[in-house]
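This report refers to the structure that appears directly beneath it.
Naming: A, B, ... by sequence-line order, numbering from 1 per chain.
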Amino acid sequence: AQSVTQLDSHVSVSEGTPVLLRCNYSSSYSPSLFWYVQHPNKGLQLLLKYTSAATLVKGINGFEAEFKKSETSFHLTKPSAHMSDAAEYFCVVNHPSGNMLTFGGGTRLMVNP
Amino acid sequence: EAQVTQNPRYLITVTGKKLTVTCSQNMNHEYMSWYRQDPGLGLRQIYYSMNVEVTDKGDVPEGYKVSRKEKRNFPLILESPSPNQTSLYFCASSFTPSLSGANVLTFGAGSRLTVL
């Protein structure tokens, strides 16, 4: 079985300040992990993925995530928030077969001017 | 342009009136999947298909049917919709999941369904 917990349903930051969106997972095997972003009235877009290579993963638009097996975490960070980063973010764990994906409940990021 | 196309994008219907949400992809992807998105619950998988004529239940299949007669199309069928199926639905596709299990999905824009 696998599960994903996004620890904050809403995060609010000021433009130019760091972003931290937290994700913890539970899995009985070595998972693949993803972050997707959903802008208003849009489908989901892949930000980055972890597939058992480097533990620090770089994605699009300056986002990064670090896989920490000991903490079962995959937190998403960005050094400096931009207004265009305002969106909902989903952490996703993938069963090794690739068939079943489990999504976290989502974190809505708000960026204040 | 490579994309996943869903129709309709918005639909209001009444309890019990059969409806179909179509999904089509132009990327020759083997894998296709349907999700519903509800506030605070993220996306939950309804059904998925590894290839033509191969479909499997996801986490919340009750009340839904799917078919995969052609590689590009994966319609979602609600035989007798009920108000608890009011939701935002997403179709997604990908190439066959890699040996690492990394299944990178391309999502459609979503279909907002309201059942009265």
Side-chain angles (χ1 to χ4, degrees), chain A residues 1-10 21 23-25 27-54 57 59-60 65 67 74 87-108, chain B residues 1-7 9-10 21 23 25 29-51 54-61 68 87-112:
Chain A
Q2 57 188 28
S3 66
V4 179
T5 302
Q6 292 183 239
L7 296 162
D8 306 292
S9 59
H10 293 81
L21 305 184
C23 172
N24 284 98
Y25 70 93
S27 176
S28 53
Y29 35 73
S30 296
S32 296
L33 294 158
F34 306 82
W35 277 97
Y36 281 86
V37 60
Q38 183 182 30
H39 291 279
N41 300 313
K42 301 282 188 183
L44 281 74
Q45 178 187 15
L46 180 70
L47 267 183
L48 50 81
K49 64 179 180 180
Y50 166 76
T51 58
S52 75
V57 181
I60 61 172
F67 174 71
F74 190 57
E88 188 152 22
Y89 293 79
F90 293 95
C91 183
V92 184
V93 61
N94 195 175
H95 187 277
S97 70
N99 297 341
M100 297 285 290
L101 289 90
T102 301
F103 285 73
T107 298
R108 184 165 298 279
Chain B
E1 179 188 353
Q3 60 185 359
V4 177
T5 304
Q6 298 178 225
N7 282 295
R9 294 288 314 280
Y10 301 91
V21 186
C23 174
Q25 51 93 4
H29 284 167
E30 294 91 358
Y31 180 93
M32 297 186 75
S33 185
W34 275 103
Y35 300 86
R36 60 177 289 172
Q37 182 180 17
D38 301 290
L41 298 177
L43 277 73
R44 292 177 292 168
Q45 192 171 39
I46 302 171
Y47 271 95
Y48 65 93
S49 169
M50 294 294 288
N51 214 324
V54 180
T55 63
D56 271 302
K57 296 178 181 179
D59 295 321
V60 288
R68 188 91 182 273
S87 188
L88 178 59
Y89 291 85
F90 287 98
C91 181
S93 71
S94 72
F95 288 112
T96 302
S98 70
L99 292 176
S100 69
N103 191 353
V104 178
L105 295 167
T106 301
F107 282 84
S111 297
R112 186 167 293 281

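The OG atom of Ser32(A) sits 9.5 Å away from the CZ atom of Phe67(A) when rounded to the nearest 0.5 Å. Here Met32(B) contributes atom CE and Ser94(B) contributes atom OG; the two are 10.0 Å apart, rounded to the nearest 0.5 Å. Rounding to the nearest 0.5 Å places CG of Leu105(B) at 12.5 Å from CZ of Phe95(B). The CZ atom of Phe103(A) lies 6.5 Å from the OH atom of Tyr36(A); values are rounded to the nearest 0.5 Å.
Judged by distance alone, the side chain of Gln6(B) and the main-chain N or O of Tyr89(B) form a donor-acceptor pair under 3.5 Å. A donor-acceptor pair under 3.5 Å is formed between the side chain of Gln6(A) and the backbone N or O of Tyr89(A).
Contacts between residues 33-40 of chain B and chain A, defined by a heavy-atom separation under 4.5 Å, are made by Tyr35(B), Gln37(B), Gly40(B).
Closest of all the heavy-atom pairs between Gln38(A) and Phe90(B) is NE2-CZ, 3.1 Å.
Of the two parts of Arg112(B), neither the backbone nor the side chain holds a non-hydrogen atom closer than 4.5 Å to a non-hydrogen atom of chain A. Proximity to chain A (any heavy atom under 4.5 Å) is restricted, for Leu41(B), to the backbone atoms N, CA, C and O. Residue contact with chain B, scored on non-hydrogen atoms closer than 4.5 Å, is absent for Gln45(A).
In terms of non-hydrogen atom pairs under 4.5 Å with chain A, the most contact-rich of Asp59(B), Leu43(B), Asp56(B) is Leu43(B).
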